[in-house]
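Every chain is numbered from 1 and lettered A, B, ... according to where its sequence line falls, protein lines coming before strand lines. Keep in mind it's a predicted model, so treat the numbers as computed, not measured.
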There are 2 protein chains.
Amino acid sequence: MRDVARHAGVSPKTVSNVMNGYPYIREATRTKVLASIDALGYQMNISARNLKSGRTGIIGLAIPELSLPYFGELADAVIEAADEHGLTVMIEQTGADRDRELTVLNRPRGHLVDGLLYSPLGLGQDDIGQLNTNTPMVLLGERIFHSPVDHVMIDNVGGTKAAVEHLLQLGRRRIAVLGVHPGEKVGTASIRYGAYASALTDHGVRVPEELAFPAGRWHRSTGAEATERLIATGEKFDAILGLNDTLALGAVRVLTRHGYRIPDDVAVVGFDNIDETLYSTPTLTTVDPGRTQIARNAVELLVKRMAGDDSEHEEIVAPYQLHIRESTAG
Amino acid sequence: MRDVARHAGVSPKTVSNVMNGYPYIREATRTKVLASIDALGYQMNISARNLKSGRTGIIGLAIPELSLPYFGELADAVIEAADEHGLTVMIEQTGADRDRELTVLNRPRGHLVDGLLYSPLGLGQDDIGQLNTNTPMVLLGERIFHSPVDHVMIDNVGGTKAAVEHLLQLGRRRIAVLGVHPGEKVGTASIRYGAYASALTDHGVRVPEELAFPAGRWHRSTGAEATERLIATGEKFDAILGLNDTLALGAVRVLTRHGYRIPDDVAVVGFDNIDETLYSTPTLTTVDPGRTQIARNAVELLVKRMAGDDSEHEEIVAPYQLHIRESTAG
DNA sequence: TTGAAAGCGCTAACAC
DNA sequence: GTGTTAGCGCTTTCAA
């Protein structure tokens, strides 16, 4: 910067002003400085500015796995939203394991990020104490009650209930569930399972515990395995609720291979509305959690917090939408 | 850091030494300092270190779109590989548009990244001049000949030829191609299309130009549209080569809807071996470009360059593998 | 093995 | 409108 200043015959401060779009500069000066910047190929050193300002313009996004389509699509949406605020996104993968989630959460970031968007899968009420409140943070997706941080939530309960009620309306009563996490009291798995159970109960249908199949990670492969186990039990079932789309798609694959007709023999529903569900065979009925909306809201909320707003924390629930497709509608 | 030093009764330099694992420190001193760090909840300010050292420990990864499964999976692999070297990854989305790719390439990064992994889709020979050589850079995926930077390449030619030869061995002669970029001389689309054409020619089969269908972005949706156009022409065809998996999966969807049997009427092949191809109906025959390998090699190469190695630039071609699945094998 | 002093490149505060 | 001064938190000499 000194070099640029010398080259343009001005002071470093003037160069700084030009770089930062400070308005009160004579046009001639600005032009001269810009020319020098160009001539010398000067690039501002962001670290230096960060050091001075204490802010980096980077926000963190902690998600389980980028290779899961839902999170890939979410990350895409977050990056776009952040971009509109001039922020850069740094992605951290947590691997969907509670211990690793906590590690990531508490990892010293060395003031590298100004704020954190955090999408926990297995964290819950008991872990609230861990939520380090010295960096601004917004929680994505998960509902943890009474926590001291902002949330932008998927409507897990509403969405799951809508999906289950859709199956009930089709006359299905033996609805299997894939992806439960037995013993887990909080987190997406238990919330969606709880909503499933209460939807059944509300409609006077017994909750068939023999039809709940665990899957730690919500991949196609684990959905496929769970479905194999389901079939192996010999239990009757006329529908499958995958707690997310990839589980459901794994199920579709196994059902097809075993000769089940979808939806005639078995109706299948997922959750997330990933792009793939529009092109699978059959196309998959699923709940759209409002990804783009969530990303937008979350970034805006975080920006507000980073700007120093310390009003009461907010909880925003994005509206869900049930998309009925071939896997339930023939 | 001053506070920690005072608290521990040592100098800042000693604290710095402890933080950086400098070996010649008396055990007692180290313990004392660590205790103080803990007591004060001290976090090193990375910006300050960066300013001094001129390095940030961050590498950039520029890819078209995170929501495309291939790039999600690639990014995942790169993050893991970078992690092993203690590096953090910053993802930039280019949107698979040549102009935006150039913009991203030349965007001033303000010394924020120590190096860049760059996965261009539409860039080619003519753009080599643009390759800013002042940050270490490794190109991913694409082959640009005679460029002055390192490459870790997909074996586009070998992989595509293997796929086409597989179709020829099945007796297919009317092989449609989805995803070509007419007029583009370089980039993945033209390389794969070229390999397809030469595989046909090698086997004495005429290249059916009436069966090449463009698709700018390689999504399921564009693959589906291209297939609709293909069917609408009334041309006969007995196989489809999607220039990537998502295109092929879009095609599968449309073929199925139109009552074509796969592979009996039409065999389908993709490229990338994304997870989804193992679970689609039918499962998709595809070329595995060696994603993990590519990520590993690329990060290692970049680390070497960042360490100042300025030997002749390298070109590494990752070995491909053809996975034959239901979409061609019944 | 540890400490003191200087400076990385920038900006905030204030002077001109 | 523009220049001067000081200091952000760390590491790099060099000295003790």
Given atom CZ of B/Arg30 and atom C1' of C/dT2, what is their separation to the nearest angstrom?
14 Å
May I ask you to check whether over 12 heavy atoms, not counting those of A/Arg296, lie within 6.0 Å of atom CZ?
no
Among B/Val113, B/Thr88, B/Leu116, B/Leu117, find the residue that satisfies the side-chain contact (heavy atoms from CB on, under 4.5 Å) test when tested with B/Ile59.
B/Leu117
Could you tell me how far apart A/Tyr22 (OH) and D/dG3 (C1') are, to the nearest whole angstrom?
12 Å
Looking at every strand, decide which applies to B/Ser47 at a 4.0 Å heavy-atom threshold: base, sugar-phosphate, or nothing.
nothing
Scoring nucleotides 5-16 of chain D by protein non-hydrogen atoms under 4.0 Å (B base, S sugar-phosphate only, - none) yields --BBBSBB----
Is there a side-chain contact between B/Thr188 and B/Trp218 (heavy atoms, below 4.5 Å)?
yes
If I compare all heavy atoms of B/Arg305 with all of B/Ser311, which pair ends up nearest, and what's the gap?
NH1-O, 2.9 Å
Quick check on side-chain contact (heavy atoms from CB on, under 4.5 Å): which of B/Asp150, B/Val152, B/Val149 does B/Glu314 satisfy it with?
B/Asp150
Could you state the CG-C1' distance from A/Asn50 to C/dG9, rounded to the nearest angstrom?
11 Å
Length of the CD-C1' vector between B/Glu27 and C/dT2, whole Å:
16 Å
Provide the closest heavy-atom pair for A/Asn156 versus A/Gly141 in the form atom of the first, atom of the second, distance.
ND2-O, 3.7 Å
